[in-house]
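Counting starts at 1 for both ligands and their atoms, following the listed order. Heavy atoms only: backbone and side chains are in, while hydrogens, waters and symmetry mates are out. Along the sequence shown, the residues carry numbers beginning at 1.
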Amino acid sequence: MRIDIVSIFPQYLAPVQLSLVGRAQSDGLIDIEIHDLRDAATDRHRTVDDEPYGGGPGMVMTPEPWGVTLDRLLRPDSLLVVPTPSGRRFDQRTATAWADRRHLVFACGRYEGIDTRVMEYYRPRVDLAEVCIGDYVLAGGEAATLVMVEAVTRLLPGVVGNVQSIVDDSFADGDMESLLEGPVYTRPAKWRGMEVPSILLSGDHGSIARWRRDQAWQRTRQMRPDLPPRGGTSSGPVPD
Ligand code: JFB
């Protein structure tokens with residue numbers, strides 16, 4: 001997969017070269033390039049913003065440098081991703097769909113956002129996703145892009161070593177009908193007087209699986225009462 005990221009703060013995206021995503025890149029599984037929008041600005045001050053038509057607070061990103069940059073980066077098979085507080089929610093289902101794409105281009109806005117004509121221009125020309133990562137207000141698209149690149153990259157074949165760890169994840173189905181993950185433990189068996197639940201040391205894999213499912217169910221009800229309960233035999237408290 002190829003990923004291009006456009007921002008006026010290219011250094012903000014530097015962490016993408018670290019950790020999971022950085023290793024996927026050095027393993028040749030993804031190819032990420034970060035581009036400075038100001039490289040496409042033509043004036044002496046490399047201006048990328050202007051006052052909003054109709055008045056109001058703040059500044060708006062001017063369309064010209066976006067047009068120059070995106071014309072150069074976009075291909076017929078690209079998905080253009082524009083993070084915006086007024087977009088559709090990005091969730092695990094979105095990440096799964098994007099993991100099948102050949103080319104993602106992230107357009108990180110700042111200020112009050114990008115002149116709407118940029119999205120209008122590219123919508124009929126490439127696949128366009130205007131997305132929001134959650135109901136809180138960020139100062140620009142960069143942090144949202146880091147989140148989305150990590151969520152997509154870890155789904156690519158070979159990036160996460162253990163395939164089961166992906167399918168077992170909270171929200172793995174993307175339909176929000178899965179359970180949250182329950183508690184995890186490692187050595188030492190006793191830490192500051194606290195013991196690991198004895199069932200996990202029992203070697204009884206059937207009982208361990210049932211206990212874990214019950215823990216996950218309890219945690220889901222506690223932390224996320226908004227999640228729909230799932231039918232079938234795989235959820236609900238374990239009967240006595
Ligand atoms: C994304 C952004 C701004 C207008 C503009 C560009 N979940 C999210 N919250 N905020 C953003 C986001 C996502 N994805 C987001 C891109 C931009 C915020 N801003 C600042 C804030 C409020 N209204 C500019």
Novice: Can you name the salt bridge (charged side-chain N to carboxylate O under 4.0 Å, His left out) partners of Asp31, sequence neighbours left out?
Specialist: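 Result, salt bridge (charged side-chain N to carboxylate O under 4.0 Å, His left out) vs Asp31: Arg2.
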Novice: Report yes or no: does Arg219 contribute a side-chain atom to a donor-acceptor pair with the main-chain N or O of Arg224 at less than 3.5 Å?
Specialist: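 No, because the side chain of Arg219 does not come within donor-acceptor range (under 3.5 Å) of the backbone of Arg224.
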Novice: What is the ring orientation for Phe90 with Trp98, classed by angle as parallel under 30°, tilted 30 to 60°, or perpendicular over 60°?
Specialist: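 Geometry flag for Trp98 against Phe90: tilted rings.
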Novice: Look at the side chain of Ser202 and the backbone N and O of Ser198, then say whether any donor-acceptor pair between them is shorter than 3.5 Å.
Specialist: no
Novice: When Thr69 is tested against each of Val105, Asp39, Val6 for side chain to side chain contact (heavy atoms under 4.5 Å, CB included), which residue passes?
Specialist: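 Exactly one candidate clears the test, Val6.
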Novice: Which protein residues come within less than 4.0 angstrom of ligand 1, counting heavy atoms only?
Specialist: Pro83, Thr84, Pro85, Gly109, Arg110, Tyr111, Glu112, Val131, Cys132, Ile133, Gly134, Tyr136, Val137, Leu138, Ala139, Gly140, Gly141, Ala144
Novice: Do the side chain of Ser78 and the main chain of Leu80 share a donor and acceptor less than 3.5 angstrom apart?
Specialist: no
